Number of protein chains: 2
Amino acid sequence: MKRKITLKHIARELDVSISTVSKALKNSEEISQDTKDKVQAFARLYNYKPNNIAISLKNKRTKNIGVIVPDIVHHFFTTVFRGIEKYANAKGYNVIVCVSDESFDKEVINMEMLANGSIDGFIMALSAETQRRNDFNHLREVTEQGIPLVLFDRVTDEIRCDKVIIDDSRAAMEATERLIRSGRKRIALFTTETYLNVSAKREAGYRQALEAHGLPVLEELILRLPYQFEEESSSLRFFREQDFDAVLCVNEIFAVRAIRLAQQLGRRVPQDVSFVGFTDGLLSRYSSPSLTTVDQQGELMGQAAAELLISKVEMEYDENDARNYQTRIIPTALIERESTVLS
Amino acid sequence: MKRKITLKHIARELDVSISTVSKALKNSEEISQDTKDKVQAFARLYNYKPNNIAISLKNKRTKNIGVIVPDIVHHFFTTVFRGIEKYANAKGYNVIVCVSDESFDKEVINMEMLANGSIDGFIMALSAETQRRNDFNHLREVTEQGIPLVLFDRVTDEIRCDKVIIDDSRAAMEATERLIRSGRKRIALFTTETYLNVSAKREAGYRQALEAHGLPVLEELILRLPYQFEEESSSLRFFREQDFDAVLCVNEIFAVRAIRLAQQLGRRVPQDVSFVGFTDGLLSRYSSPSLTTVDQQGELMGQAAAELLISKVEMEYDENDARNYQTRIIPTALIERESTVLS
DNA sequence: TATTAACACGAAACCGTTTTCGTAAGGCCG
DNA sequence: CGGCCTTACGAAAACGGTTTCGTGTTAATA
């Protein structure tokens, strides 16, 4: 086993001091060319690489960023992660991922673990439970310590920090308008039961669109489903009891499941009922009929979040103090597919 | 901004030495109860938490594990990751994720970045390019340094280390037999064009099953598709020119796309053609007809990989040297859904 | 020849811990 | 009263780097 070689080893072997080795490897002016050549050759030969941990301790910079997401087996979050990872990697940063599993406690524990020097900053989307409890002390603690924080998608107004979101309400509004313009009159909304900021905003957009076009907002056409549900009884009942000609769903799973149900009940999609979802994942693309959906452009969000974070991390203290927090809004796009009739 | 407090601060404030503070916080016998109370109270008050980096440097243990996967927007890899993360977190480890993007170079760079002290061990699935080039020097380098390595799913025989895989060939064989038993005679195989170990093994299993049941292996019934393809022309041609009554696909995307195509061409699924895929993702579950598929149990794989790695990491040097490398085979299960006729 | 500047390098502090070892003070015993 | 053992703590080394500052040697200059 070839143990990792350190400056000390090189110094001893070449009979010079550690400082000389360190400087020689950085091509310092202070060191004679002879010595530099000797040291560099030796280092190359034994494949010397400085120890990241030691450097982190010295610089008080880890070149790691912490990402906390509610779930990782989730198309949207993985696309965001991809955007983060790409940008971070290009900037020489590594990414530590923690999954909160939608749990407040796990979110807190993970943050605390990472906040003790492991990372230079956080990028995160709040867990459902955190949003429900409205308790953000763990975030406040971190920002008060001067650790940069960027929130994305699932954000809160309670915390002052950089944020990256889509305009959920606007996207929902446009999606709803798309349905209205194609002649739909009784548009249902399938949303989540648990409290999520984004769901609330999408619902607001839906209501706005209906009102703006003089359509009544019918509460009985709003179906609230558990985030992860097994059987279809409640949606089935909804299909049986309600009369509607289009559905806006706050995610693609709701949409695809609803389409299946509609088809099983003999409704033609999109002729009898048309559907629009959120999140442009594999399901939207490959289900049949394929799903018209709001593309949240996760990769762009991730990249924007990483940009904001790293710029804050690398900023000198003075300018950082200016507290010029940004909220970046990533544009969305409605991707038209077979689940809506082309008007 | 409340800066992080260190042992030194506490020591200065309480007018004791750093060593005393350190020992007092660890409840050492050496320190009087009075002093311990004083120190602990102060530490709690100022929310002292030891600096992870300093501890890592001292212990030569980072409590980080490095995970390198070819892709993260990918159902199977995320389930594996979930398994890793859960187990690792429970054991007090954090996970640094790097995406090789199926590129050899990125894989090498990522490994080198992490190998210089950032992590205690690696869990990885090889990139397609690495498998094609058959170049594993970066892995060898890491293991020679004594850094534990666990390979999963995309593994190689060239490297001696722990491995976690499914029995791909057996799973493919069983899936094929399932089709044969339901009376299918001309079974096609849709596999990847690029060289992947797992695809090769699945193909072998497919061939074995046919031969075992006295069916001819028809090379023209094997379609090799690019890993990520846009348009369907080659599969379309295949559907037009070949005669088959079942298809085994090496992943769920190939399967779902093929099913769509079949339906568009007027074939009934599963009556005229039945399909079996690999990977039990959202697509398999929610497409219509839903897809019969081989569940690779990614979460179990991830957990097994993390178990193996952490046990090696925490093992004392002596026992580690025994070189008792394991290859764990995670059982697969064929999940029967609507794309095959129930026999 | 004395002064000085340039050169090339080393000593030491520092980042924040842990841990070994040394030691001052106090009490007990003979 | 001297020796010894506890008790309770501090000094210092160590982990692996970076960086500031000091210094010995040499060569150029006055």
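Numbers restart at 1 for each chain; the letters A, B, ... are given by sequence-line order, proteins then strands. Treat the numbers as computed from the prediction; the structure is a model and nothing was measured.
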Exercise. Going 5' to 3' along nucleotides 16-25 of chain D, which nucleotides have protein heavy atoms under 4.0 Å from the base (write B), which only from the sugar-phosphate (write S), and which from neither (write -)?
Worked result: BBBBBB----
Exercise. Is the side chain of B/N134 donor-acceptor paired with the backbone N or O of B/T130 at a distance under 3.5 Å, no angle test?
Worked result: no
Exercise. Is the distance between the ring centroids of A/Y48 and A/H9 under 6.0 Å?
Worked result: no
Problem set entry | A/T35 side-chain N/O to C/dC9 phosphate OP1/OP2 under 4.0 Å | yes
For this session: Could you pull out all residues at least two apart from B/L14 that satisfy side chain to side chain contact (heavy atoms under 4.5 Å, CB included)?
Result: B/I10, B/V16, B/K38, B/V39, B/F42
Problem set entry | Distance under 6.0 Å and angle within 45° of ring axis: A/R160 vs A/Y325 | no
Exercise. Is the shortest distance from a Lys or Arg side-chain nitrogen in B/D120 or B/K63 to a carboxylate oxygen in the other one below 4.0 Å?
Worked result: no
Listing time: all N or O pairs from protein to nucleotides 23-28 of chain C that are below 3.5 Å?
none

Exercise. Salt bridge between B/R140 and B/E144, side-chain N to carboxylate O under 4.0 Å?
Worked result: no
Exercise. Can we say B/K23 and B/E29 salt-bridge, meaning some charged N sits less than 4.0 Å from an Asp/Glu carboxylate O?
Worked result: no
For this session: Kindly compute the distance separating CZ (B/R328) from CG (B/L300), expressed to the nearest 0.5 Å.
Result: 10.5 Å
Problem set entry | Between C1' of D/dC9 and CG of B/D15, the distance in whole Å | 12 Å
Exercise. To the nearest angstrom, how far is B/K4 atom NZ from C/dT17 atom C1'?
Worked result: 14 Å
Exercise. How close or far is atom P of D/dT7 from atom CD1 of B/I31, stated in whole angstroms?
Worked result: 13 Å
For this session: Give the rounded distance in Å between these two atoms: CD of B/Q33 and P of D/dT6.
Result: 21 Å
Exercise. Over how many whole Å does the gap from B/D34 atom CG to D/dT7 atom C1' extend?
Worked result: 13 Å
For this session: Would you indicate, yes or no, if C/dC15 has its OP1 or OP2 atom less than 4.0 angstrom from a side-chain nitrogen or oxygen of A/S56?
Result: no
